[in-house]
Number of protein chains: 2
Amino acid sequence: MFQALAAATRRDILRRTIDREQSVSDLASEYDMSFAAVQKHVAVLEAAHLIVKRAEGRERLVRANPEMIARARALLAHYEALWRGRVDRLDALLAENP
Amino acid sequence: MFQALAAATRRDILRRTIDREQSVSDLASEYDMSFAAVQKHVAVLEAAHLIVKRAEGRERLVRANPEMIARARALLAHYEALWRGRVDRLDALLAENP
DNA sequence: GTAACGTACAACCAAATGGTTGCACAACGA
DNA sequence: TCGTTGTGCAACCATTTGGTTGTACGTTAC
C-alpha cells in the first residue's frame, strides 16, 4: 500500500479520482507519458485497493477508495499512538518518582 | 517519505525506534541481513526525516521522529478531506434540489 | 599500543520499478 | 461493415532498490 503511494504520479491519480470518477484515458491525457504507463499506475493502485474500477461501455471509470486511504492513515496513527504510549509510560514513571 | 515507508523492514525499524532509542547495531541484530543493509535502511529513513540520529561515543542512537509520521498521516487525512469535500458538495446539491 | 567494536561508504549484483512500443480485442459511431 | 476509441497485456529497456562483501576510520577496552 505504501509502495503504491510512493510514486508522485500515483498520488496525483488518487487526488484526481477523489475529486470525481474518471476514465483511464481521461487520466492518461493529464500526464506527459504514454497511455500504457498511466494504465500500469492505475493497475498498481487497483492492486493496492486504493482505487476501484467500474466498467461503463468500453470505458473503465476509476474512483478513489477512501476506505483504504483511511486504513493507511490509521496505520500511521497507530505508530504515533505507540509513541504516545511511550510518553505515557514516561509520565507514569515520573509520577511514581516525583 | 512514502517511498521510505514502502519497505516493511523500514517500517519495522520505525516501530522499534518509536518504542525506544536504539543503536544501529542493536537494530541490525534484529534482522536476518547484513549490518550494512540495515545501515542503509536507517540512512533512507534519516534522509526522509522519519528518524533522527544522535552520536553517543562510537554509537549512533536512532529514534523515530513522530513529527514526520504525523505529517504523512496529515497528508492522507488531507486526501480524505478532499473526498469529504466532494460529499459535502453533493450534500449541498441535494439540499438545493430536494 | 593494539585488538575489538560501531559506523560509514564504495563497488558490485539481482530483482523490481517506471517507462517505452506494439499488438489484440471489445465497444462505439458513421 | 469498418474505422476509431478505450483498454489491457507482453516484451523490452534504463534506472532504482535492496541486498552483498570489503575497506576505512574513529572509539572503546584491555
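Note that the structure is a prediction, hence the values are computed from the model and not measured. Here is the naming used below: chain letters follow the sequence lines, and residue numbers restart at 1 for every chain.
- Within 6.0 Å of CZ on B:R15 lie more than 12 heavy atoms contributed by other residues, nucleotides or ligands.
- More than 12 heavy atoms of other residues, nucleotides or ligands shown are found within 6.0 angstrom of CD on B:E30.
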query = Can you give one letter per nucleotide of nucleotides 22-30 of chain D, 5' to 3': B if a protein heavy atom sits under 4.0 Å from the base, S if only from the sugar-phosphate, - if neither?
reply = ----BBB--
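- Between the side chain of A:N65 and the backbone N or O of A:H49, at least one donor-acceptor pair lies under 3.5 Å.
- Rounded to whole Å, atom P of D:dT20 lies 14 Å from atom OH of B:Y31.
- Of all heavy-atom pairs spanning A:I18 and A:A64, the tightest one is CG1-CB, 3.3 Å.
- As rounded to whole Å, 9 Å separates atom C1' of D:dG8 from atom CZ of A:R60.
- Remark: C1' of D:dG18 and CD of B:Q3 are 11 Å apart, rounded to the nearest angstrom.
- Of all nucleotides in DNA chain C, those with any atom nearer than 4.0 Å to a heavy atom of chain B start and finish, going 5' to 3', at C:dA4 to C:dC9.
- In terms of phosphate contacts, A:S25 brings a side-chain nitrogen or oxygen within less than 4.0 Å of OP1 or OP2 of D:dT7.
- Between the CZ atom of A:F35 and the C1' atom of D:dA10 there is a distance of 15 Å, rounded to whole Å.
- In this entry the distance linking CG of A:L27 with C1' of D:dG8 reads 15 Å, nearest Å.
- At a threshold of 4.0 angstrom between heavy atoms, the contacts of A:Q39 include nucleobase atoms, whether or not backbone atoms are also involved.
- In this structure, A:A7 and B:V42 both approach DNA chain C, and ranking their closest nucleotides by distance from the 5' end singles out B:V42.
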